[in-house]
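Comments concern the structure below.
Because the structure is predicted, anything quoted here is derived from the model rather than measured. Note on naming: letters A, B, ... go to the chains in the order of the sequence lines (proteins, then strands), and numbering restarts at 1 for each one.
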Amino acid sequence: MTGALRTGLRAVWPLPPLLLLVVVAAEIAWAIGGPVTKGVVVVAMINLILVVGLYVFVGNSGVLSFGSIGFAAIGAYTSGLLVIPTDQKAILQPDLPGLIADTHLGSIGATLTGGLVAALVAAAFAIPLMRLNGIAAGLATFAMLVIIRTVANSWTTVTNGAAGLSGLPVTTSKNAAMIWALLAIVAGFVFQSTGLGLRLRGSREDDVAARSLGVGVRTERRVAWVVQAFIMGVGGGLYAQYLGSFNASFFYLALTFTTLAMLVVGGMTSLSGAVIGSLTISFIAEVLHRVEQGADIGALHVPPRPGLREVGLAGIMLVLLILRPRGLTNGRELPWPPSGGLRRLRSRQPAQSDLPPADAGAWPR
Amino acid sequence: MALFLQHVIDAITVGSQVALYALGIALIFGIMGLINFAHGELIMVGAYTIILVGHPPWPVMVIATIVMAIVLALAMERIAFRPLRGANPATLLIASFALSFGLQNLAILIEGSAPKGTSVSPWLSESVQIGSLSIPKLDLVTLGVTLVLLTALGLFLQRTRMGVQMRAAAEDFRMARILGVKANTVIATAFGISGLLAGVGAYLLVAQTGEVAPDLGSNPILYAFVATVLGGMGSLRGAVLGGYVFGAIFVALQAYLPLELRSYRDAFAFAAVIVMLLIRPQGLIVARSTVTRV
C-alpha cells in the first residue's frame, strides 16, 4: 500500500469495509432470495438507518434512549402526508390543515422534510431531557415515546387517529434504501469524528473527567440528540414509503426493541457494532421468520408459530448480554489490519498498546 | 357532590392497583438497581393462569395465580438477572426490556394474540349501595387487599430478620454483604414478594376487566413507572404514595379534561413524569440508596 493511500484510508477507517459490507450483504441477499427476501432486504436497510440513528445518540453519549423511535414516527407521518397526492388527501382526510393539504412533495424532498421536522421536535424535547442523566434520562425518553404515540393516535385531523395513514405511493426501493443507509453510515462516522463527537465519547467513558476538562456534556448531547432524530426521521419516512400504509403502533415498543437489540448485539459503543449488529439481527430475524411461518420439510409438517421470531430475538439478546455484554464487536470499531488487527480480533485479546481508553480503535490517529 | 365522591372512590381504586404494581417494581429497584420492565409479564402470566385453571373455588384460583407469578419471578431472577448482577443499570434495563418482550411474545406463541374473556367472580361485579353512591364490591376488595398487603409488607420489613436484611441491602448492598447478608437469598426473596404482588394485582385486574391478552401487563407497568418516578425511585413508601397520586391525577384527567383532549390523557400523565424528573428527580420521598456520591 502506498503511503498516501494508507494515510487516507486510515483517516476514514472503518468506513470503507462497513460500506462494502452493507452493499455486499444487500446485493447477495437480493440476488439469491425469492420475492419475499427482496422485501426483507429493504426492511433491513431501513432498520440499519434507524440503528445508526440510535447509535449516534446512545452509542456516543452512553445515555439510553427508549424514545428515539418516536422520531421515526414523526418522520413517517410528515413524509407520508407530503407524498400522498393532494386530491387523494382531500377525500381521505378532509379536515387536514390547509398547508399540509395543499403541499405535495417528491419522495426525496418529503423524506428530508420528515427528517427535518423530527429534528425540530427533538430540539424542543432536548431542552428538558438532556438535563437528565443515567436512569432518569432513560425513563424520560420512554415517557417521550408514550407522549408521541398518544399524540399520533389522538390528533385525528392530521394523523387520521388509530387508523393511520394509507395510500402512500410505495417508492422505497432496494437501491433507494441502500443509498440512504450508506449515507446514514457516513453521517454517523462524520459525526463521531468531529470534535463534538469526540468530546461526547469522552464524557461517555468518564463523565466526571470530561467535565473537569471543560466538556459541558449538555450541548454535546443535545446536538447528538438532534442529529439522531434527523436520521431517525429519514428512516421513518422511508419506512412509510415502503409500507404504503401504517399507524402509530408500528413505531412503538416492538420497533424500539428490535433496533435496540440490533445495537446491543453489535456493540453499543461503535459504529461497526451498529452496522454489524443490524445486519446480523436482520439475518437471524429472517431465518426465524421462515420457521415462524411454518413449512413442510419432506414429510415433516412445521405449523406456523407467530411470535417465535420475537421470542428468539429476545433470547439471543439476553444470552448475549450475559456472555458478551459489550456486543459482537466488543464495542470497538473494526480493527485496522496493518497493525495485526484481524489476528487480535480472533484472539479477542486487545494488544498492549490498545488497552483503554476503551474505544481506542475509534480515535483517528 | 355524589359525582365527586364517586371520582374519589375511583381514584382510590386506581391508586390501590397502581400502588400494588409500583411496589413490586420499587422493591427490586431498591435492592439491585434494576427497573424491571418484565414485572408486567408477571401480571400477564398470573392472568393467564386464571384462564388455564378453569373454574375452581376462588381461593384455589387466587393461590394458583399467585404461585404462578412467584414461580416466574423466581425463575426470572435465577435465569436472567442473577448472571447480570453487578452489570450497569443500562444493561439491566435492556435485559429486562428484552425479557418483557420475549415473554409477551411467548404468550402469543402459546396462547395466540387474541384477547380471551373470562369472568372471575360474579360476586365481585356486584355493587354496594350507600346512600346515592353505588360502590362496586371489587373496589372495596381492591382497597382492602392493598391495605392488608401494605401492612404485611411493612411488618415483614420492620419485624423479621429477612426484612431487616432486605432494608440493609437496599441502603448499601456492598456493606450489607460484608456484614453477612446473603445476596442470593435477599434478592430471591425480593423477587418472590414482587411476584406475589403481581399475582394479586393480576387477579384484581382480571376481575375488573374480564379479559386476558398477551400485552395485558404493558399498561399497568407504564402506570407503575409513573408512580415510582413520582414517588421516588427505590423508596417503597414513595411507590405507594406515587400510586395514589397517580390514581388521583389519572381520574382527575379522565373526569375534568375537556372532551376533545381526553384521548390525550396518557400524554399528560407522561409529561408529568418528565416534569417530575426535572424538578424533583429524587421523587416525593427520597430513598437513601439513590443518593449518589462521586
Side-chain angles (χ1 to χ4, degrees), chain A residues 58 62-64 66 125 128-129 131-156 161-162 207-208 253-254 256-258 260-261 263-264 268 292 305-323 325-326, chain B residues 29 33 35 37 79-84 87-113 214-215 218 222 225-226 228-229 233 260-278 281-282 290 292 294:
Chain A
V58 177
V63 179
L64 264 189
F66 289 102
F125 270 112
L129 289 189
R131 298 167 62 93
L132 297 167
N133 257 320
I135 216 118
L139 280 179
T141 57
F142 193 73
M144 186 193 79
L145 179 69
V146 180
I147 291 174
I148 292 179
R149 173 185 143 95
T150 310
V151 171
N153 254 340
S154 312
W155 195 9
T156 318
D207 192 31
V208 178
L253 292 179
T256 300
F257 174 78
T258 311
L260 211 53
L263 188 58
V264 171
M268 213 161 21
E292 176 180 84
R305 291 248 175 266
L308 184 73
R309 173 172 48 170
E310 287 78 6
V311 175
L313 283 182
I316 290 171
M317 194 159 152
L318 273 176
V319 169
L320 207 88
L321 279 174
I322 292 168
L323 295 182
R326 286 174 67 87
Chain B
F29 182 81
I35 298 181
F37 271 101
I79 296 166
F81 294 128
R82 190 173 296 182
L84 282 172
N88 66 43
T91 310
L92 288 172
L93 202 59
I94 294 175
S96 80
F97 195 54
L99 195 58
S100 157
F101 192 76
L103 287 172
Q104 237 179 67
N105 281 285
L106 195 62
I108 294 179
L109 191 62
I110 298 170
E111 289 286 323
S113 56
D215 61 352
S218 300
L222 288 185
F225 280 145
V226 182
T228 42
V229 172
M233 297 294 311
E260 66 271 20
L261 285 181
R262 208 161 284 175
S263 58
Y264 292 96
R265 186 193 62 207
D266 285 8
F268 285 106
F270 280 88
V273 173
I274 295 181
V275 171
M276 190 69 187
L277 284 170
L278 286 170
Q282 67 275 43
T290 52
T292 45
V294 171

(message) Looking at every non-hydrogen atom in both residues, tell me the closest pair between A:Ile147 and B:Ala271 and how far apart they are.
(response) CD1-N, 3.5 Å

(message) Taking side chain as everything from C-beta outward and backbone as N, CA, C, O, which of these in A:Leu132 sits under 4.5 Å from a heavy atom of chain B? Side chain, backbone, both or neither.
(response) side chain

(message) Looking at B:Tyr264, is its backbone amide N or carbonyl O close enough to the side chain of A:Thr150 to form a donor-acceptor pair, meaning the two atoms are under 3.5 Å apart?
(response) no

(message) If we define contacts as heavy-atom pairs under 4.5 Å, which of A:Ala314, A:Gly315, A:Ala143, A:Ala140 has the most with chain B?
(response) A:Ala143

(message) Can you give me the closest heavy-atom contact between B:Asn105 and A:Val311, atom names plus distance?
(response) C-CG2, 3.5 Å

(request) Return the orientation label for the A:Phe142 and B:Phe225 ring planes: parallel under 30°, perpendicular over 60°, tilted otherwise. (result) perpendicular

(request) List the steps and the verdict of side-chain contact (heavy atoms from CB on, under 4.5 Å) for B:Ile108 and A:Glu310. (result) CA-CA 10 Å; B:Ile108 294 179; A:Glu310 287 78 6; over 6 Å; no

(message) Would you say the ring centers of A:Phe66 and B:Phe97 fall short of 6.0 Å from each other?
(response) yes

(message) Show the nearest heavy-atom pair for residues B:Ile274 and A:Met144, with the distance to one decimal.
(response) CD1-N, 4.2 Å

(request) Any chance you could measure A:Ser154, atom OG, to B:Glu260, atom CD, to the nearest 0.5 Å? (result) 12.0 Å

(request) Name the option with the most non-hydrogen atom pairs under 4.5 Å to chain B; the candidates are A:Val264, A:Leu321, A:Leu323, A:Asn153. (result) A:Leu321

(request) Check whether A:Ala136 gets within reach of chain B through its side chain, its backbone, both or neither, counting any heavy atom under 4.5 Å. (result) both

(request) First locate atom CG of A:Leu64, then atom CG of B:Leu93, and finally report the distance between them rounded to the nearest 0.5 Å. (result) 6.0 Å

(message) Given heavy-atom pairs under 4.5 angstrom as the criterion, report whether the side chain, backbone, both or neither of B:Phe37 touches chain A.
(response) side chain

(message) Let's test your reading of the structure: which of B:Gly102, B:Ser113, B:Ala267 forms the most heavy-atom pairs below 4.5 Å with chain A?
(response) B:Ala267

(request) Go through the atoms of B:Ile35 and report whether side chain, backbone, both or neither lie under 4.5 Å from a heavy atom of chain A. (result) side chain

(request) Any chance you could lay out the side-chain contact (heavy atoms from CB on, under 4.5 Å) test for B:Leu99 and A:Leu318, step after step, and finish with the verdict? (result) CA-CA 7 Å; B:Leu99 195 58; A:Leu318 273 176; 3.6 Å; yes

(request) Compare every heavy atom of A:Gly307 with every heavy atom of B:Leu109, then report the nearest pair and how far apart it is. (result) CD1-C, 4.2 Å

(message) Would you say that B:Gln104 contacts A:Leu253 through its side chain, given a criterion of any heavy-atom pair below 4.5 Å between the two side chains?
(response) no

(request) With a 4.5 angstrom heavy-atom cut-off, could you sort out which part of A:Val151 is near chain B: side chain, backbone, both or neither? (result) both

(request) Between chain B and each of A:Gly62, A:Gly138, A:Ala254, count heavy-atom pairs under 4.5 Å; write down the option with the most. (result) A:Ala254

(message) Please report the interatomic distance OG1(B:Thr91) to CD1(A:Ile322), rounded to the nearest 0.5 Å.
(response) 11.5 Å

(message) Between B:Ile110 and chain A, with a heavy-atom cut-off of 4.5 Å, which part of the residue counts as in contact: side chain, backbone, both or neither?
(response) neither

(message) Using heavy-atom distances under 4.5 Å, tell me whether A:Leu260 contacts chain B through its side chain, its backbone, both, or neither.
(response) side chain

(request) Measure the CG-CZ distance between A:Leu139 and B:Phe270 for me, rounded to the nearest 0.5 Å. (result) 10.0 Å

(request) Given side-chain contact (heavy atoms from CB on, under 4.5 Å), test B:Leu277 with A:Arg131 step by step and report yes or no. (result) CA-CA 10 Å; B:Leu277 284 170; A:Arg131 298 167 62 93; over 6 Å; no

